[in-house]
Amino acid sequence: MHISISVWVRVGVEKKMTAKTFHALRVSSFVAFNRAHAFLYALAILALLRHRLACLISSPSLPLSALFLADLVLAVMWVASQVFRWRPVSRQEFPDRLLREVGSDGLPALDVFICTADPHKEPPISVVGTALSAMSFDYPTDRLSIYVSDDGGSAVTLFAFMEAARFARHWLPFCKQNGLLERSPDAYFRSNKGGDSEKMKMMYLTMKEKVETALERGYVSNDLLSSGEDDELFERWKGFTRHDHPSVIQVLLEGSKDSDISGNALPNLIYVSREKRRTSHHHFKAGALNALLRVSSTMSHAPVILTLDCDTYCSDPRSPLRALCYLLDPALSSNLAFVQFPQRFYGINKNDIYGGEIKRLYTITARGKDGILGPSYFGSGCFISRRCLQGIPSSPSLAQEARVPSSSESVLRKAHEVAGCTYELGTKWGSVMGFRYGSLVEDYYTSFRLHCEGWRSVFCNPVRPAFLGDAPKSLNDVLGQCKRWCVGLLEVGFSRYSPLTFGTTNASLLAGLGYAYDAFWGIWCIPVTTYGLLPQLALICQTPLFPKVSDPWFYLYVYLFTAAYGQDLVEFLADDGTIGRWWSDQRMWMIKGVTAYLFGSIQFALKKIGISAAEFNVTSKVMEDEQCERYERGAFDLGVQSPFFVALGTVAVVNLSSLVVGIARAATTEGFLHEQFAQLFLSGFVAANCWPIYGAMFLRSDGGRMPRTITVISLTVAGLLLMGFLVFDV
Ligand SMILES: O=c1ccn([C@@H]2O[C@H](COP(=O)(O)OP(=O)(O)O[C@H]3O[C@H](CO)[C@@H](O)[C@H](O)[C@H]3O)[C@@H](O)[C@H]2O)c(=O)[nH]1
Ligand SMILES: [Mn+2]
């Protein structure tokens with residue numbers, strides 16, 4: 001308690017000191033309501049648990065115990081989620097004031113890190129678009145460096161960036177002369193502004209075609225190259241594979257030497273593919289980022305770093321200034337680790353059928369955490385102070401002063417050395433320095449550890465999206481990504497740095513609880529699976545599990561259900577949501593509950609006992625035309641042989657069966673509705689959520705329909721469950 005009070009005081013002081021400077025803070029008007037509601041709701045939960053326990057004691061049964069456990073998990077998650085409703089804040093920043101105050105000479109150097117890992121899942125031309133959008137920030141070019149980390153070790157990616165370096169000489173002045181806001185070429189030409197951009201477009205398309213040709217061929221052939229020097233480079237590459245190659249570092253543009261067609265200096269552009277050997281663990285993205293931290297410190301060594309995923313292009317050239325409104329504020333800067341922008345996505349369909357916005361994580365709860373110690377790091381769209389990654393006490397090994405990148409031999413030698421795969425052995429990298437190792441969600445984990453070390457963070461959410469990324473647009477990919485997150489989060493939840501113990505004592509009670517809420521996402525599978533199957537099976541077998549309509553306890557359930565869903569809806573709508581998108585969002589929560597969370601928890605358990613190891617499987621950013629068309633139409637894509645869909649199909653079938661049986665009984669048996677209303681309602685509610693799944697199982701014939709074998713297996717599993725229930729329930 002003591003710890004959280006001191007946090008309150010600090011936040012209060014901070015507000016007063018900075019209100020007149022570069023940014024302002026406003027506490028949500030929901031706070032009073034949220035707290036009153038939390039109080040009432042907490043009483044209702046206690047009453048429910050007490051009632052459930054009493055029922056269980058008077059007539060013990062397996063289904064009642066399962067429901068008690070499910071309710072307990074819901075209660076625990078509810079308690080943790082109150083952290084986000086305790087003091088949500090929103091902020092506003094004033095970049096013009098900042099510029100007036102510090103002048104453009106007062107702006108610090110900025111290193112932008114862009115990670116890519118697989119040229120076939122992450123097309124190099126789109127990574128190039130991301131880099132170009134960052135290179136053309138409204139920021140002094142002599143202080144801007146872009147580092148690209150290629151974990152795919154792909155010659156094609158390097159080739160794409162060589163082309164990009166040439167193209168940038170035309171593109172950067174074009175953006176500035178025309179005052180573009182959209183500075184990723186793809187995004188700009190997609191929005192089709194016309195005008196005198198035809199020549200530019202042709203130039204871009206030529207580059208794109210060359211890169212795509214190389215990608216198709218799988219290598220960079222001589223006819224695509226212009227100079228003999230490049231030839232040699234790619235010749236060497238022939239023995240390289242993505243898992244086994246020395247480090248490759250190429251300075252493609254150097255601010256002090258290269259200029260654009262109007263004679264202005266260009267930012268630095270550096271390609272880095274760290275060394276990979278099968279014998280050493282590379283720690284996925286965290287490892288890539290740490291390699292960039294070191295390589296950049298031999299070159300530009302900027303005090304501020306922006307991390308971007310390969311698909312997240314910058315959509316507001318002034319976002320660095322916005323971030324600096326916080327990072328340069330003397331009242332904040334002593335312990336401010338990072339400024340996180342929400343992840344936002346382009347190309348999401350009207351009703352966002354797969355809940356791709358992930359609004360709850362990326363904005364709603366982020367605002368809630370911002371009122372406490374700050375949002376967690378989302379991996380992309382985040383301005384980090386280099387200082388916080390240098391370990392405590394700050395590391396002496398790396399040079400402190402900003403340097404000009406140079407392709408000089410000594411700098412390059414040093415850079416190659418620090419990108420080597422054995423460089424980290426016996427060092428503190430990944431444990432108390434740099435991005436932290438040990439979890440598949442390195443972003444979440446790193447910020448958690450930073451918050452525990454006393455750093456804080458700020459959530460910056462301007463109206464115009466600062467960054468736009470690509471959300472997975474096939475259901476199987478969405479669930480695969482969520483499963484990976486779930487495993488990574490559980491890794492933290494059950495480590496010795498668990499937010500519940502380490503977090504609540506080292507960060508603050510509230511911050512620890514907030515992190516715990518995310519860490520234990522996986523356990524959502526318990527209530528969702530239970531409520532998605534048990535009451536329905538029991539209905540078919542005529543076992544009542546809930547109070548009758550005439551029983552006053554029945555209304556407690558009604559209150560708990562409607563108040564939770566009501567509050568969820570209000571919060572969603574208040575964050576520019578629509579009812580259609582909210583419906584999809586809550587449906588995805590259920591779908592994830594019986595698939596990604598369930599399978600993720602199982603995989604985590606298997607990993608714990610040493611049976612399987614979890615990998616960072618990169619989400620694909622390419623889609624077939626037919627798939628795209630289905631997505632745009634809003635049709636669910638269940639056309640792959642995926643174990644996720646067996647679980648989904650089973651739940652769908654059980655609910656449809658219980659709904660049909662229930663309606664038939666209600667029509668024929670007097671008193672049935674009165675006795676089993678809750679179970680019939682649940683069947684109807686889940687079945688309504690499963691609507692697109694029935695279509696994909698039984699009605700559709702396009703490529704997105706569920707494969708026949710998956711349908712048959714789902715029907716069989718549903719049948720077995722019902723038989724099992726009958727046997728156990730006698
Ligand atoms: O070994 C690896 C694996 C991934 N990546 C890069 O990591 C980024 C994210 O990968 P993606 O497949 O898009 O994963 P997502 O689940 O969509 O990413 C979210 O979740 C990740 C893990 O929490 C964060 O790192 C990301 O920033 C966040 O956007 C991409 O740029 C990849 O190229 C690497 O550089 N090396
Ligand atoms: Mn991604």
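Keep in mind that this is a model prediction, so the values were computed, not measured. Both ligands and their constituent atoms are indexed starting at 1 by order of listing. Along the sequence shown, residues carry numbers from 1.
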- Are Glu357 and Arg581 within salt-bridge range, i.e. N to O under 4.0 Å? yes

- Residues in side-chain contact (heavy atoms from CB on, under 4.5 Å) with Thr363, at least two apart? Pro342, Lys359, Arg367, Phe459, Asn461, Asp575

- Query: So, are Asp316 and Arg322 salt-bridged, with charged N and O less than 4.0 Å apart?
  - Reply: yes

Ignoring hydrogens and angles, write down the donor-acceptor pairs under 3.5 Å from the side chains of residues 485-494, residues two or more places apart or on other chains.
{"from": "Glu491", "atom 1": "OE1", "to": "Leu440", "atom 2": "N", "distance (Å)": "2.9"}
{"from": "Glu491", "atom 1": "OE2", "to": "Lys607", "atom 2": "NZ", "distance (Å)": "2.7"}

- Note on the structure: ring pair (Phe, Tyr, Trp, His ring centres under 6.0 Å) filter on Tyr444, not counting sequence neighbours, yields Tyr515

- Compare every heavy atom of Ser376 with every heavy atom of Lys369, then report the nearest pair and how far apart it is. NZ-OG, 3.2 Å

- Message: So if I only count non-hydrogen atoms and take anything under 4.0 Å from ligand 1, which residues does that give, chain by chain?
- Response: Cys115, Thr116, Ala117, Glu122, Asp151, Phe284, Lys285, Asp309, Cys310, Gln343, Phe378, Gly379, Ser380, Leu440, Val441, Glu442, Asp443, Gln481, Arg484, Trp485, Phe616, Val618, Thr619, Lys621

